[in-house]
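Below: the structure, in structure tokens.
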Amino acid sequence: MDLETLLQSSAEAHGHLCPGQVIGVRMAILGCRLIGLTDPTSRDQIKKLLVYVEMDRCAADAVAHVTGVKLGRRSLKFMDFGIMAATFVNLQTGRAFRVLSTEEARELASVYAPEIPGKAPQQLKAYKRMPDPVLFRVEEVRVKLRDVDLPGPTRRKAACVRCGQVVRDGREEDGPDGPLCAHCAGRSYFQKIRDVPDPEAEPVREIQDIPELSGAGIR
Ligand SMILES: [Zn+2]
Ligand SMILES: [Zn+2]
């Protein structure tokens, strides 16, 4: 796993080269090494790896790119914690390490790359040079994996007693009258305006046709 090669392909997949790519790529290299995976995207190793990322920032893309974990394969778990950290789990051995990006590294960028002007370019260069113990803090951890969290076929399905929607893999809640989906249990992230029974009949809307949005600074 060569840093420069991985960085290049990661930046391509992410859309740009940024300090977060360096952190994410190095985080992934270190995390995989700690759990004994030398070539995580290879056929025999890809099934052994599970990664939890704790942020939806640039570095998360790099971690996913280098390790090959994917949301749709259930090998990538997104924990919306806003923390620059990722945990690498070897499913075969059960060993897991959490790698956190340190705040000190940000402050030390000017020490490790004093000749580079500009904050982002300086961080980018410095993050390549910093030794792992400066760039990261590492914890060995235990991750309690439930059957319903693992890759593979759907283990369980339950129909919501209120709306009828099928909920997969044990994500339903216990309601007074039976299982509830997250929305019906009050954990929704949206407010429904109306049902759209025939999507094809809906007109193509321009943003100025939507009064709530046109004046609200969303453009
Ligand atoms: Zn980026
Ligand atoms: Zn429901």
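Whatever order the structure lists them in is the order used to number ligands and atoms, beginning at 1. Keep in mind the model is a prediction, meaning the values are calculated, not measured.
Following chains of ILVMFWY side-chain contacts shorter than 4.5 Å, one cannot reach F97 starting from L100, and the two form parts of different hydrophobic clusters. The same ILVMFWY cluster, assembled from side-chain heavy atoms under 4.5 Å apart, contains both L150 and Y52.
Salt-bridge check for D169 with R146: failed, with every basic side-chain N at 4.0 Å or more from each acidic carboxylate O. Of the charged side-chain nitrogens involved, at least one lies within less than 4.0 Å of a carboxylate oxygen, so that R129 and E115 count as a salt-bridged pair. Salt-bridge check for R155 with D147: passed, with a basic side-chain N closer than 4.0 Å to an acidic carboxylate O. For R98 and E140, the salt-bridge test fails: no basic side-chain N is under 4.0 Å from an acidic carboxylate O.
The local environment of CZ in F190 is crowded, with over 12 non-hydrogen atoms from other residues, nucleotides or ligands closer than 6.0 Å.
The Zn ion (ligand 1) has H14 NE2, H16 NE2, C18 SG, C58 SG as protein N, O or S atoms under 2.8 Å away. Protein N/O/S atoms closer than 2.8 Å to the Zn ion (ligand 2): C160 SG, C163 SG, C181 SG, C184 SG.
A donor-acceptor pair shorter than 3.5 Å cannot be found between the side chains of R137 and S101.
Tested against E172, the residues R187, K157, R156 include a single salt bridge (charged side-chain N to carboxylate O under 4.0 Å, His left out) partner, R156.
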